[in-house]
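One structure is given here, and the rest of the page talks about it.
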Amino acid sequence: MIQTSLPLRSIFLFALLSLVLFYSCKKEDGEPTPKENLKLTFARLGSQSILNNNAVEGRGAIYLGFSAPVDRTTSDLFQVSTGGTILDHYEVWNAPGNQVTISVDHVWVEGATYTLRSNSGLSSPEAATLEELVLSFSIVKQPLKVTRIKADTIFFVLDADALNTDVSVSQPMEVAFSHPPAASPQNLKAHISIEGRENMDFSIMALSDTVFQLQFTENLKDFTAHKITFAPGLGEAAGRDFDGLELSFFTGPSAAPDFPLLSDEELLTTIQEQTFRYFWDFGHPACGMARERNTSGNTVTSGGSGFGLMAMVVAVERGFITLEEALERWEQIVGFLETADRFHGAWPHWINGQTGAVIPFSQRDNGGDLVETAFLVQGLLTVRQYLLQEAPQETGLIGRINTLWEGVEWDWYTKGQDEALYWHWSPDNEFQINLRISGHNETQIVYVLAAASPTHPISPTTYHSGYARSGAMANGQSYFGITLPLGSDYGGPLFFAHYSYLGLDPRNLEDQYANYWTQNVNHSRINYQYCVENPKKYYGYSAQSWGLTASDSYVGYTAHSPTNDRGVITPTAAVSSIPYTPAESLAAIRHFYYDLGDRLWGEYGFYDAFHPGNNWEADSFLAIDQGPVICMIENYRTGLLWDLFMTAPEVRQGLEELGFMY
């Protein structure tokens with residue numbers, strides 16, 4: 001019994017296991033999993049989607065992408081049609097077969113609607129058939145655009161912020177549009193205007209249906225900002241959207257100079273002589289002093305008159321006036337200064353030329369102005385040194401100048417503290433303005449004269465703590481690769497390099513803080529390079545049109561500099577820097593005179609300032625801008641004023657007291 005029961009049991013277990021395995025396999029096999037549908041993953045015309053009935057630009061081929069490879073049963077799986085017309089095309093597939101490029105032998109028509117469809121269902125070995133593919137899209141109507149403006153060889157940058165410069169004053173202008181404007185030349189002209197200093201008249205000739213030539217009735221004004229405007233109404237005529245366009249441009253030179261050509265020496269003499277007339281012909285008749293500006297009436301200026309005194313020395317040497325005429329004027333001016341209001345020896349900034357009474361410069365500034373006084377004394381001492389050389393017999397006038405000079409109480413303006421000199425004092429307001437005279441700027445001459453005074457000198461400590469600010473006036477930074485020893489960023493307005501140095505000779509002037517020739521040269525070069533670089537993109541700035549300093553502007557008087565750049569060029573800046581930047585200054589002088597002379601040259605030389613981008617020129621002349629022109633040109637040519645002023649023994653002693661080498 002035992003031998004027969006074991007096989008039966010094994011058979012039973014085997015059968016049971018087989019049954020379990022059978023049902024298990026049957027369950028796993030089941031129904032086959034259905035394939036996912038073939039899908040369109042992208043559709044583009046060029047770079048723009050056409051999946052959702054998009055309106056697109058008509059550029060390029062059609063690109064389709066699918067989720068799986070497509071069976072390519074024929075080479076023509078799709079058709080493209082518009083308005084019932086099927087368009088010729090060819091299809092190129094990528095290697096995997098899931099992307100196709102459809103190139104249509106057709107120019108896409110603006111405003112037309114197109115249909116893309118598959119000729120039958122699209123099958124795939126890896127996905128269920130896409131039974132139908134239909135896409136519609138339309139081509140947008142492109143707006144009208146100006147695509148090119150050309151004048152001679154200059155192509156305009158079609159950007160409202162661009163500087164389009166050196167545009168020919170005489171050549172016609174060519175304008176191209178993206179589409180035909182559908183207007184006659186005469187009708188087209190109604191939508192285009194060109195304005196400079198006035199509206200410019202022109203005629204239009206069609207060169208093609210999209211290109212037109214504008215010929216001006218008269219030449220454009222040279223070195224002038226213009227504006228060309230295409231009115232939006234032009235789009236209506238073309239049946240397209242048009243935003244309009246407004247561009248500015250700046251013309252180049254005209255064919256002929258404004259004045260006959262001179263040698264540079266003749267030109268410099270002409271400028272000096274014409275500018276000198278401001279101090280001579282326009283000097284106040286009652287006192288001989290220089291008026292503040294050409295509209296100042298009885299207001300004369302102490303500092304500007306000091307510049308005028310030095311200009312008269314130049315005028316005698318150049319033969320513009322005789323020594324006898326100069327002596328008569330100097331007697332008149334000295335006599336006026338002897339009786340004019342003074343405040344502890346200092347003259348006010350403004351004086352009534354008829355009465356000698358102070359004219360307040362501001363509400364609290366109604367007394368002595370030590371800086372203006374220093375500019376005046378610089379001129380008086382230069383005249384004195386000239387008289388000692390050329391007319392020593394004029395002992396009376398020489399003595400009277402000495403009395404004026406020695407009467408200035410420089411030490412009073414320290415407030416008794418020896419820490420600094422202060423700019424203003426008046427009996428009414430005393431030192432309320434409280435403005436320290438600190439460097440580095442135009443005021444160095446104040447400390448030199450104060451130290452040189454034989455009667456009221458200051459101590460060297462006052463210079464070092466006041467003007468030099470105990471060394472804090474140092475700069476040492478590089479601008480455009482040019483190191484600036486002293487002063488504010490970029491050096492400030494260029495008159496800093498002029499006013500103190502009409503007489504004070506910077507050529508060998510040096511103290512523990514700087515070499516002042518290097519300072520003034522580098523300051524001038526930085527100002528020049530800033531204008532050449534023109535970071536604010538003003539029209540009219542260039543290697544021949546540069547110079548930022550204090551002057552009138554189209555929005556009032558301001559101290560122009562690279563950190564206060566209003567687009568205003570002031571001729572005195574570049575002209576008076578001629579000792580420091582001779583080549584660059586001469587280029588500017590020639591430009592101001594020959595190219596811009598019709599608008600910049602007036603009765604007393606160059607007008608004060610101009611804004612090329614606004615087509616604005618001042619009609620003013622200022623004493624403090626006219627004087628440096630004459631004096632610094634002369635210092636460049638002969639060193640006359642430097643040599644004279646530096647012969648004053650008190651000046652030399654003062655410089656030595658302050659630790660200068662000269």
If you measure from [atom1] on [X] to [atom2] on [Y], what distance do you get to the nearest 0.5 Å?
{"X": "Thr518", "Y": "Leu509", "atom1": "OG1", "atom2": "CG", "result": "11.0 Å"}
{"X": "Gln378", "Y": "Phe375", "atom1": "CD", "atom2": "CZ", "result": "7.5 Å"}
{"X": "Asn429", "Y": "Asp365", "atom1": "CG", "atom2": "CG", "result": "9.0 Å"}
{"X": "Met632", "Y": "His498", "atom1": "CE", "atom2": "NE2", "result": "5.5 Å"}
{"X": "Ile333", "Y": "Leu309", "atom1": "CD1", "atom2": "CG", "result": "4.5 Å"}
{"X": "Glu634", "Y": "Thr269", "atom1": "CD", "atom2": "OG1", "result": "8.0 Å"}

Would you kindly say whether [X] and [Y] are connected by a side-chain donor-acceptor distance under 3.5 Å?
{"X": "Thr563", "Y": "Ser561", "answer": "yes"}
{"X": "Asn520", "Y": "Tyr580", "answer": "yes"}
{"X": "Asp281", "Y": "Tyr604", "answer": "no"}
{"X": "Glu292", "Y": "Trp350", "answer": "yes"}
{"X": "Ser576", "Y": "Thr572", "answer": "yes"}
{"X": "Thr270", "Y": "Gln274", "answer": "no"}
{"X": "Thr558", "Y": "Asn564", "answer": "yes"}
{"X": "Gln385", "Y": "Thr647", "answer": "yes"}
{"X": "Asp369", "Y": "Trp347", "answer": "no"}
{"X": "Thr414", "Y": "Gln417", "answer": "no"}
{"X": "Thr581", "Y": "Ser577", "answer": "no"}
{"X": "Gln444", "Y": "Tyr501", "answer": "yes"}
{"X": "Ser620", "Y": "Asn294", "answer": "no"}
{"X": "His440", "Y": "Tyr467", "answer": "yes"}

Practice problem: Assess whether ring-ring contact (aromatic ring centres under 6.0 Å, His included) is satisfied between His424 and Phe361, documenting all intermediate values. | Solution: CA-CA 11 Å; His424 310 95; Phe361 189 76; 8.0 Å; no
Exercise. Of all the heavy-atom pairs spanning Val629 and Val575, show the shortest one and how long it is.
Key: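 Taking every non-hydrogen atom into account, CG1-CG1, 3.9 Å.
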Practice problem: Please report the shortest heavy-atom distance between Ala225 and Phe250, naming the atom on each side. | Solution: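 Here Ala225 and Phe250 meet closest at N-CD1, 3.5 Å.
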I'd like to know if [X] pairs up with [Y] as an ion pair, taking the criterion as any Lys NZ or Arg NE/NH1/NH2 lying under 4.0 Å from an Asp or Glu carboxylate oxygen.
{"X": "Arg384", "Y": "Glu650", "answer": "yes"}
{"X": "Glu198", "Y": "Lys221", "answer": "no"}
{"X": "Arg599", "Y": "Asp222", "answer": "yes"}
{"X": "Asp264", "Y": "Arg637", "answer": "no"}

Decide yes or no for [X] and [Y]: does some side-chain heavy atom of the first lie under 4.5 Å from some side-chain heavy atom of the second?
{"X": "Asp625", "Y": "Tyr607", "value": "no"}
{"X": "Tyr662", "Y": "Met646", "value": "yes"}
{"X": "Pro535", "Y": "Tyr530", "value": "yes"}
{"X": "Leu504", "Y": "Tyr516", "value": "no"}
{"X": "Ser524", "Y": "Leu494", "value": "yes"}
{"X": "Arg469", "Y": "His464", "value": "no"}

Quiz item: Passes side chain to side chain contact (heavy atoms under 4.5 Å, CB included), Glu656 versus Met661? Steps please.
Solution: CA-CA 7 Å; Glu656 290 166 6; Met661 293 179 289; over 6 Å; no
Exercise. Anything under 30° is parallel, anything over 60° is perpendicular, the rest tilted; go ahead and classify Tyr447 against Tyr463.
Key: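 Because their plane-to-plane angle is over 60°, the rings of Tyr447 and Tyr463 count as perpendicular.
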Is a donor on one side and an acceptor on the other found under 3.5 Å between the side chain of [X] and the backbone of [Y]?
{"X": "Glu317", "Y": "Met312", "result": "no"}
{"X": "Thr462", "Y": "Asp418", "result": "yes"}
{"X": "Tyr479", "Y": "Asn522", "result": "no"}
{"X": "Lys227", "Y": "Thr229", "result": "no"}
{"X": "Ser453", "Y": "Ala450", "result": "no"}
{"X": "Thr570", "Y": "Ser551", "result": "no"}
{"X": "Trp546", "Y": "Glu584", "result": "yes"}
{"X": "Thr483", "Y": "Ser478", "result": "no"}
{"X": "Gln272", "Y": "Cys631", "result": "no"}
{"X": "Tyr278", "Y": "Arg293", "result": "yes"}

Self-check item: Within 45° cone of Trp517 ring axis and under 6.0 Å: Arg507 NZ or CZ
Solution: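 Here Arg507 fails the 6.0 Å and 45° test against Trp517.
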Quiz prompt | Ring-face cation contact, Phe282 with Arg291, 6.0 Å cut, 45° max | solution =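 Arg291 over Phe282 ring: yes.
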Exercise. Evaluate side chain to side chain contact (heavy atoms under 4.5 Å, CB included) for Ser553 paired with His560, printing each intermediate quantity in order.
Key: CA-CA 9 Å; Ser553 79; His560 305 105; 3.4 Å; yes
Self-check item: Derivation and outcome, side chain to side chain contact (heavy atoms under 4.5 Å, CB included), residues Leu640 and Phe645
Solution: CA-CA 9 Å; Leu640 172 67; Phe645 183 76; over 6 Å; no
Exercise. Please say which of Phe621, Phe606, Phe610 ends up in a ring-ring contact (aromatic ring centres under 6.0 Å, His included) with Trp601.
Key: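 Per the ring-ring contact (aromatic ring centres under 6.0 Å, His included) rule, the option paired with Trp601 is Phe606, out of Phe621, Phe606, Phe610.
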Quiz item: Just one of Tyr538, Tyr490, Tyr541 clears the side chain to side chain donor-acceptor pair (under 3.5 Å) bar with Asp565, so which one?
Solution: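 The single option meeting the side chain to side chain donor-acceptor pair (under 3.5 Å) with Asp565 is Tyr541.
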Centroid-to-centroid, [X] to [Y], below 6.0 Å?
{"X": "Tyr539", "Y": "Phe249", "answer": "no"}
{"X": "Trp412", "Y": "His456", "answer": "no"}
{"X": "Phe223", "Y": "His591", "answer": "yes"}

Quiz item: Partners of Tyr594 by ring pair (Phe, Tyr, Trp, His ring centres under 6.0 Å), sequence neighbours excluded?
Solution: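 In terms of ring pair (Phe, Tyr, Trp, His ring centres under 6.0 Å), with neighbours along the sequence ignored, Tyr594 is linked to no residue.
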Self-check item: Gln363 atom CD, over 12 foreign heavy atoms within 6.0 Å
Solution: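 For Gln363, atom CD is not crowded (no more than 12 foreign heavy atoms under 6.0 Å).
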Quiz prompt | Derivation of the side chain to side chain contact (heavy atoms under 4.5 Å, CB included) call for His523 and Phe496 | solution = CA-CA 9 Å; His523 179 192; Phe496 289 3; 3.8 Å; yes
